[in-house]
Every structure is written in structure tokens, then in C-alpha cells.
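Worksheet: the structure to be examined is printed underneath.
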Number of protein chains: 2
Amino acid sequence: MKFSIAEENYIKAIYHLQQADGNVTTNELAAELNTKAASVTDMLKKLKTKKLLNYEKYQGFRLSAEGRKIALGIVRKHRLWEYFLVEKLQFGWDEVHAVAEELEHITSKKLIDKLDAFLDYPKFDPHGDPIPDSSGRMAAQKHINLIDLPLNEPAEIVSVGSQSTELLELLRHKNLSMGVIVEVKRKFSFDHSIEIKIKSQSPFIISQQLAQALFVKKI
Amino acid sequence: MKFSIAEENYIKAIYHLQQADGNVTTNELAAELNTKAASVTDMLKKLKTKKLLNYEKYQGFRLSAEGRKIALGIVRKHRLWEYFLVEKLQFGWDEVHAVAEELEHITSKKLIDKLDAFLDYPKFDPHGDPIPDSSGRMAAQKHINLIDLPLNEPAEIVSVGSQSTELLELLRHKNLSMGVIVEVKRKFSFDHSIEIKIKSQSPFIISQQLAQALFVKKI
DNA sequence: TTAATTTTTTAGATTTGTCTAAATTTTATT
DNA sequence: AATAAAATTTAGACAAATCTAAAAAATTAA
Ligand SMILES: [Mn+2]
Ligand SMILES: [Mn+2]
Ligand SMILES: [Mn+2]
Ligand SMILES: [Mn+2]
């Protein structure tokens, strides 16, 4: 079956929300998609009819197995295109999300598999998120939140919690990006800010909000 | 101003038709887009309002200067993507058109200019059609129709008259593609078929329709 | 130069995706 | 448990793009 761009955007958004939340709510999804709750309800009915969604009125919802499969296909396309934009076209890692938001809806299966081969089957996108393979499998992320990293343990930044331009702008300003090695030097309990150090730079403080948006792997 | 995918498809189709025809008619455009005349009329009104079209009821129409500029931008994207698909992703030259039909609607200007650079500023797409540069300029095609090529003059195939899968399938079957050197050996006036020869292959006959779909450059 | 034919436009519906405002259901608070 | 607040759904409207059928205009042919 083929899906419209609007349907695909809903499916993908539900997929991401249920990763975090388990059950997804109407308002949550409306906020995620910058639309209104009434519009969401309409689309939920349609996706339910198409058997992509387990949904009962007022009860919240989750994707069906079939819906999850569709979602993984869209996520695969999104992340492969992001990788292409950064690795081949020299985009900054903080400017690819909006373009990939469009490219992810190109329908050719052959295109995406050939792109995957051309890129040499990358496992992670520029934000550190795993890229599903053509059957929907992807590497698990066993990453810990920077806020939970013990003091003085070097760790590598491997992913970010959101793709908002605001976040990515701040990260760029602080020279924080995928692959950078960080160490937590102090934790301030008053506001939960932390002092971190990155290679050849004096330590600096980041806010709780920023630390929670960063995931690291101990090395 | 931003345009919908439907609007862009109309603009591009009008551009191609007026290249051949001068003035374009409602039915012509409906046929080109596989839609109905009534739908075309509706869209013409909209494009006129947006000043992309010189159009008076019942009089036929052409793009305005602004409309032509938009059209060239879409053509540029279409042909650059086709080049990418063939040169980088190893698509056959006969299978790229449908995918490019979608990719041409991705809106990022930065994307297309970076793609152009990545491809090293190609001048022609895989079908031999010139690719407009970022200001809309492109190489002129000074090609002659294969049906008009004099006997025994070697010439190089440089473009095809349409991208229909039917045509491209036939060309592939006959080993005819961009860059192939052909010579016309005989012309049969009964049905206007011609006998041609290509490198290391015995001569064979092609129909008038096929010969008219091929453009060559004398060498 | 009428009449027939073709082309084009209009009128009225339909589908998709969206919205606001009102109604309903659920959840939280007294 | 009753009431207030919040979340969700329904009702009704709208814009975009399409269609069919009918009307109007232009073209062609008698
Ligand atoms: Mn998207
Ligand atoms: Mn990403
Ligand atoms: Mn198109
Ligand atoms: Mn082409």
C-alpha cells in the first residue's frame, strides 16, 4: 500500500513518541506535528482503518506491527539521506534535518537500496541514531545520558536527543558534536548543571537541559 | 514564492510543450499530464493569478518570464538528479525518469547547488538534454534528427525525443544509447524506415517513429 | 453562412488534510 | 461523590486538486 506524505509524517511521529512514552496521546502528537488535536483525531481514524494503528477512542494509541514496519522504512530513508547530505554533499550535521524531512518521502525502494550501497551501508546517521537496514533491523543504542556519566570518565558523544535547530545551534557554538570526547568534572546540585571538559579546551559549564539532550558511550 | 507539486508539474509540462509548439492548448496539456481538460482550466486560472502564465480564455497560453524561470529551476533539478542516479547510483539511463519526477520537487536551493558541485557541474543529463546552471542558462542543443542524417555520415547519439519507458525499453533492446556512433546506410521511402549501423554490429532497420525520436551530432 | 464538430470553460461533486468551536469523555480536585 | 479542569472527539467549514456532465465558444465542413 502507498501512503501520503501527511500519513507518513504521522506514522513516523507516532513511532518516535512511542519509543519514549509507550502509549501516545492526541495532544502529544498534535504538539509534535505542529497541528491541532482535531486534525490528529481525524488522521488516527484513517490510520486505524488502514490497520497501522491500535487505537480506541480516548484511550491513546500505538502503531501496529505493520505500522511499525512502515515507520522503520521512513526512518531508514530519513537517516540515509542525512548521512548522504553530510558525507557526500558537505552539509553541516545541524542543517540536514529539514531537507531529509522531504527526501524521506521519495517512494522508490530501488533508490534507497542503491543509496545505501553507495554510502557503503552506514550504521549510524550524523546525529548518532542507528539506520535500519532494508529489513528494518538496526543496531541497538546502549548509550547513557551525559547527565548520568560519572565524574572523570572519558566518553564519546554518540547521539542527541532532538534535532531542533535551537539545540543544534547551541551544540555547534559549544563545539560539541558526534565523536567528541567529554569528561564530566563537577556536578552542581543547585541547578543540575555540570562542568565538562573537551580535548584541548578549558572546562565549561552546560545546563541540565543540554546535558540531558546528549548521549555518550564510555571509552 | 513556493509552489505545490501539482503546480510545479504543470509549469514544467507547459515549458516543454511550448518549446515544441509555441502556444500550448488545454487538451495538449491535459494529455501530457494524464488529466482532464477541466482540471487544466482550473490550474491555468491559478497560475495566471500568480503571474506565471499569459493566458486568455479560449486563446491558448504560454509561460511568462517569471514562469519560465520557475520552469528552468525544476528542469535543472530533474536533470541533475537523473545524472546523479546514473553516474553515482548506477541506475540504467532508462529507469531514472520516474524517480527524478519526484526528486525535482525537493525545495532546498542549497541542496541542489551542492549536488551540482558534487557531480562536478555536468552540462548534459543521461538523455542528452542540457542542464540549466543555477541562473537558468544552459548549452544550446544544435542537434539534428536521425531521420535527416545523410547516408554514410557517422554521427553520435546525443539525445532522445521522449522519456517514455516504451521508447527507452526499445532503445535498450537495440543497444542504442547516448554516445553511440551511428551511420545511416539506406533509407526506405515506402515506410520511411532506415537501415543503420553501429560499431561492431551488422546493420539493422529502425522505424520512422524510432528514428524521429533520436537526435545526433555529426562527428 | 449555416450546421456540425471539436475545444474549452463552467457547474457541481468528491477526496484529502486542515481548522475553529462545541460537545463529550476522562482525570483531577475539592 | 460531586464538581471543575483537561483531553479528546465531533460537527461543520474551507482550500487544493481532481472528476463528470453540461454549457459556451471556436473551428471545420457542408
Ligand atoms: Mn517528512
Ligand atoms: Mn538524524
Ligand atoms: Mn514531477
Ligand atoms: Mn532527462
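Sequence lines set the chain letters: A, B, ... in the order given, protein chains first and strands last, and positions in each chain run from 1.
- Protein atom NZ of A/Lys2 is 16 Å distant from nucleotide atom C1' of C/dT15, rounded to whole Å.
- If you measure from atom OH of B/Tyr55 to atom P of C/dT8, you get 9 Å, rounded to the nearest angstrom.
- Of the candidates B/Lys12, B/Lys50, B/His105, B/Lys2, B/Glu7 forms a side chain to side chain donor-acceptor pair (under 3.5 Å) with just one, namely B/Lys50.
- One atom, CG of A/Leu29, and another, P of C/dT18, lie 11 Å apart when rounded to the nearest Å.
- Considering only side-chain atoms of B/Gln59, the nucleotide from D/dA26, D/dT9, C/dC19 that sits closest is D/dA26.
- Checking B/Val40 against A/Ala6, the closest nucleotide of DNA chain C that is more toward the 5' end is the one next to B/Val40.
- At the heavy-atom level, B/Phe61 lies nowhere under 4.0 Å from the strands shown.
- Considering only the side chain of A/Met43, C/dT18 comes nearest among D/dT8, C/dT18, C/dT8.
- Rounded to an integer number of Å, the gap from CD of A/Glu56 to C1' of D/dA7 is 17 Å.
- Between the side chains of A/His97 and A/His78, at least one donor-acceptor pair of N or O atoms lies under 3.5 Å.
- Nucleic acid contact for A/Tyr10: sugar-phosphate only, since backbone atoms but no base atoms lie under 4.0 Å from a heavy atom of the residue.
- Below 30°, between 30° and 60°, or above 60°: for A/His127 and A/Trp93 the angle between ring planes is between 30° and 60°, a tilted geometry.
- D/dA7 atom P lies 16 Å from atom CG of A/Leu44, rounded to whole Å.
- With hydrogens and angles ignored, the 3.5 Å screen pairs no side-chain donor or acceptor of A/Thr35 with any backbone N or O of A/Ala31.
- With D/dT18, C/dT10, C/dT8 as the candidates, the nucleotide lying closest to the side chain of B/Asn27 is C/dT8.
- Stacking of A/Lys88 on the aromatic ring of A/Phe118 is recorded, both the 6.0 Å distance cut-off and the 45° axial limit being met.
- Residue A/Lys57 has no polar side-chain atom (N or O) positioned under 4.0 Å from OP1 or OP2 of C/dT24.
- Straight-line distance from the CG atom of A/Asn34 to the C1' atom of C/dT18: 14 Å, rounded to whole Å.
- Distance A/Asp42 CG to D/dA13 C1': 12 Å, rounded to the nearest Å.
- Among the nucleotides C/dC19, D/dT9, C/dT8, the one closest to the side chain of B/Thr41 is C/dT8.
- Minimum atom distance to the side chain of A/Tyr58 is reached by D/dT9, of the listed C/dC19, D/dT9, C/dT9.
- Taking atom NZ of A/Lys36 as the reference point, atom P of D/dC14 lies 17 Å away to the nearest angstrom.
- For D/dA16, neither phosphate oxygen OP1 nor OP2 lies less than 4.0 angstrom from any side-chain nitrogen or oxygen of B/Ser4.
- The listed nucleotides are D/dT18, C/dT8, D/dT9; the one nearest the side chain of A/Thr26 is D/dT9.
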